[in-house]
Amino acid sequence: MRVPHHAPFDVLVLGGAGVDTIVEVPQLPLPYADSYMVPAITTRAGQTGDFLALGLAALGLRTHHVDVLGDDPEGALVRALHARAGIALTELPSSTGTKRAVNLVGPDGRRLSLYDISRGGEHDRFPEPLLAELAAGCRHVHVCITHPGSFALAQLAALDVTVSTDLHNWDGENPYHEQFAAAADVVFVSATALADPAAALRRVLALGRARIAVATDGDRGGHLLTRDDEAVRRFAAVRPPRPVVDSNGAGDAFAAGFLYGLTQGLPPDVCARYGAITGAHACTVAATEVDPLDRAGLLARADTF
C-alpha cells in the first residue's frame, strides 16, 4: 500500500481506477464481420473514479483517490496518470490485476463498453482504519459502485461525512445499485436505462438518506429532485463548445461539476448547470485523451448564461 500524504483535502474518491482500451469503429451497433480495419486502438488510464478525481482536481478541489491496483502495466498507467495530475493516490494490492475495459467508440461519439469482470476479487476491501483516517480529514466522500465500495458503505454511514455515488446505467430495480443509493446523500444516475426517471429519483429519496438525486439525460438535459422539491424538475443541457467526439466520461465530468458547486455552497439548480457545462466539455474530448475543464473555464462559461 502506498499513501502519498494525509494532508487535509476536500473529496475522497473510493474505487473506479482502471484502464480502458479505446477502439474507434465505423458505426454502432457494429455489424458482424470477420475483421475491421480501424483508425486506432489506444490504451490509456482512466475509468469512472479516475475521471471524477481528475475533474474535481481540475476544478481546484483537493482530491484523494483510493483503490486496488495490480502490479502490472495497467496499474503503472493509473499511477502515472495521477502523478501527472498531482492527485494523491492510495493504492491497495490486487491479486487479480488492475481493472480493464474495452470501449468501442463510433463516429458520433457514442460508445459501447466491455468490462473485464475477472479483474476483481471477493477479498478486495478498503481497510477500515485507513478509511476512517482518510474520511476524518475530508469534506466529502464519493463511492464508486465497485466491489470494494460496497463493503465501505456501512462504515461510511457511521462517519460524520457527506457521501455521493453514481449509479450509472441503473435500471431503477437492481438491488446492487440500490444499496449505494440508500447510503448516499447525493445520488447521480444516467437516465439511459430508466423507464421513468422521475419515479426513479423519487424512489431514491424514499430510501431515506439522499437529499439530492440527479438523472442525467444527455443532450436532453436531466432531472433533479431534492427534499425541498414538491416535484422533479428538469434542467437544460448545455451546447458543447466544440464538436462532440466522445461521450465517455461525460457523466463523471457532470458529477465533478455538480459536486464542485455543492462544496461552494451553491443551490442544486446552479450545481446542475455547472455539471451540464463540465459534462458538455467532456463530450468534446477524444476518448484517447484526458482533459477535464478547469475552474477558470467553468466559471467563464457559467457567466455566459
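- Judged by distance alone, the side chain of Arg209 and the main-chain N or O of Ala181 form no donor-acceptor pair under 3.5 Å.
- With rounding to the nearest 0.5 angstrom, the CG atom of Asn103 is 11.5 Å from the OG1 atom of Thr42.
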Practice prompt. Given side chain to side chain contact (heavy atoms under 4.5 Å, CB included), test Val290 with Asp50 step by step and report yes or no.
Written response: CA-CA 10 Å; Val290 179; Asp50 302 312; over 6 Å; no
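- In this structure, Ala253 and Ala282 approach most closely via the heavy-atom pair CB-CB, 3.7 Å.
- Considering only residues two or more places apart in sequence or on other chains, Arg139 meets the side chain to side chain contact (heavy atoms under 4.5 Å, CB included) condition with Asp10, Thr263.
- Residue Ala215 comes nearest to Ala191 through the heavy atom pair CB-CB, 4.5 Å, listed as atom of the first residue, atom of the second, then distance.
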Item to complete: Could you check Leu224 against Ile212 for side chain to side chain contact (heavy atoms under 4.5 Å, CB included), going step by step and ending with a plain yes or no?
Response: CA-CA 7 Å; Leu224 171 67; Ile212 300 174; 3.9 Å; yes
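- Looking only at side-chain heavy atoms (C-beta outward), Leu201 and Val189 come within less than 4.5 Å of each other.
- We find the OG1-CG distance between Thr63 and Leu52 to be 7.5 Å, quoted to the nearest 0.5 Å.
- Between Pro292 and Ala58, the closest heavy-atom pair is CG-CB, 3.8 Å.
- Nearest heavy-atom pair, Leu205 versus Ala210, reported as atom, atom and distance to 0.1 Å: CG-O, 3.7 Å.
- The backbone N or O of Glu74 lies less than 3.5 Å from no partner atom in the side chain of Arg100, so there is not a single donor-acceptor pair.
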Item to complete: Test side chain to side chain contact (heavy atoms under 4.5 Å, CB included) on Val78 and Glu91 and set out the steps.
Response: CA-CA 10 Å; Val78 173; Glu91 57 179 273; over 6 Å; no
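- Applying the ring-ring contact (aromatic ring centres under 6.0 Å, His included) rule to pairs touching residues 68-90 yields His65-His82, sequence neighbours excluded.
- A salt bridge between Arg44 and Asp20 is present, with a side-chain N of the basic residue lying under 4.0 Å from a carboxylate O of the acidic one.
- In this model, a donor atom of one side chain and an acceptor atom of the other lie less than 3.5 Å apart for Thr98 and Asp72.
- Taking CG of Leu12 as the start and CZ of Phe126 as the end, the distance is 8.5 Å to the nearest 0.5 Å.
- Within a 6.0 Å sphere centred on CG of Asp71, heavy atoms belonging to other residues, nucleotides or ligands number 12 at most.
- The hydrophobic clustering, which links ILVMFWY residues whose side-chain heavy atoms are closer than 4.5 Å, places Ile41 and Val102 together.
- In this structure a side-chain-to-backbone donor-acceptor pair under 3.5 Å is missing from Tyr260 to Gly55.
- The structure places CG of Leu61 at 12.0 Å from CZ of Phe9, a figure rounded to the nearest 0.5 Å.
- For the residue pair Asp252/Thr48, the side-chain donor-acceptor check at 3.5 Å is satisfied.
- Arg220 meets the side chain to side chain donor-acceptor pair (under 3.5 Å) test with Asp217; sequence neighbours excluded.
- Under the 4.5 Å side-chain heavy-atom criterion for Ile, Leu, Val, Met, Phe, Trp and Tyr, Val238 and Leu266 are members of the same hydrophobic cluster.
- Note on Val270 and Leu262: same hydrophobic cluster, where clusters join Ile, Leu, Val, Met, Phe, Trp and Tyr whose side-chain heavy atoms are under 4.5 Å apart, directly or indirectly.
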Report all side-chain donor-acceptor pairs from residues 150-160 shorter than 3.5 Å, counting only partners two or more places apart or in another chain.
residue : atom : partner : partner atom : Å
Ser150  : OG   : His147  : O            : 2.7
Gln155  : NE2  : Glu128  : O            : 2.8

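- For Asp67 (side chain) and Gly16 (main-chain N/O), a donor-acceptor pair under 3.5 Å exists by modelled atom type.
- Using bins of under 30°, 30° to 60° and over 60° for the plane-to-plane angle, the ring pair His177/Trp170 lands in the parallel bin.
- The aromatic rings of Phe235 and Phe254 sit parallel, their planes meeting at an angle under 30°, below the 60° perpendicular limit.
- Atom-to-atom distance recorded for Leu89:CG and Leu81:CG is 9.5 Å, nearest 0.5 angstrom.
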Worksheet item: Thr21 and Thr43: side-chain hydrogen bond (donor to acceptor under 3.5 Å, both in side chains), yes or no, with the steps?
Response: CA-CA 4 Å; Thr21 296; Thr43 297; 3.0 Å; yes
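- At a threshold of 4.5 Å between non-hydrogen side-chain atoms, the residues Asp166 and His142 count as touching.
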Practice prompt. Show your working on side chain to side chain contact (heavy atoms under 4.5 Å, CB included) between Arg125 and Leu92 and close with a plain yes or no.
Written response: CA-CA 9 Å; Arg125 303 284 193 279; Leu92 304 163; over 6 Å; no
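- Atoms CD1 and CZ, on Ile87 and Arg62 in that order, are 14.0 Å from each other to the nearest 0.5 Å.
- Closest approach of Ser247 to Cys283, counting heavy atoms only: CA-SG, 4.2 Å.
- Under the 4.5 Å side-chain criterion, counting only non-hydrogen atoms from C-beta, Asn248 is not in contact with Gln47.
- Cys138 places none of its side-chain heavy atoms less than 4.5 Å from the side chain of His64.
- Between Thr146 and Phe180, the shortest heavy-atom contact is O-CZ, 3.8 Å.
- The backbone N or O of Ala302 lies less than 3.5 Å from no partner atom in the side chain of Arg273, so there is not a single donor-acceptor pair.
- With sequence neighbours left out, Tyr36 forms a side chain to side chain contact (heavy atoms under 4.5 Å, CB included) with Pro26, Leu30, Pro31, Ala33, Val38.
- Put simply, the side chain of Leu299 reaches to within 4.5 Å of the side chain of Tyr274, judged on heavy atoms.
- A ring-ring contact (aromatic ring centres under 6.0 Å, His included) check over residues 197-223, counting only residues at least two apart or in different chains, returns nothing.
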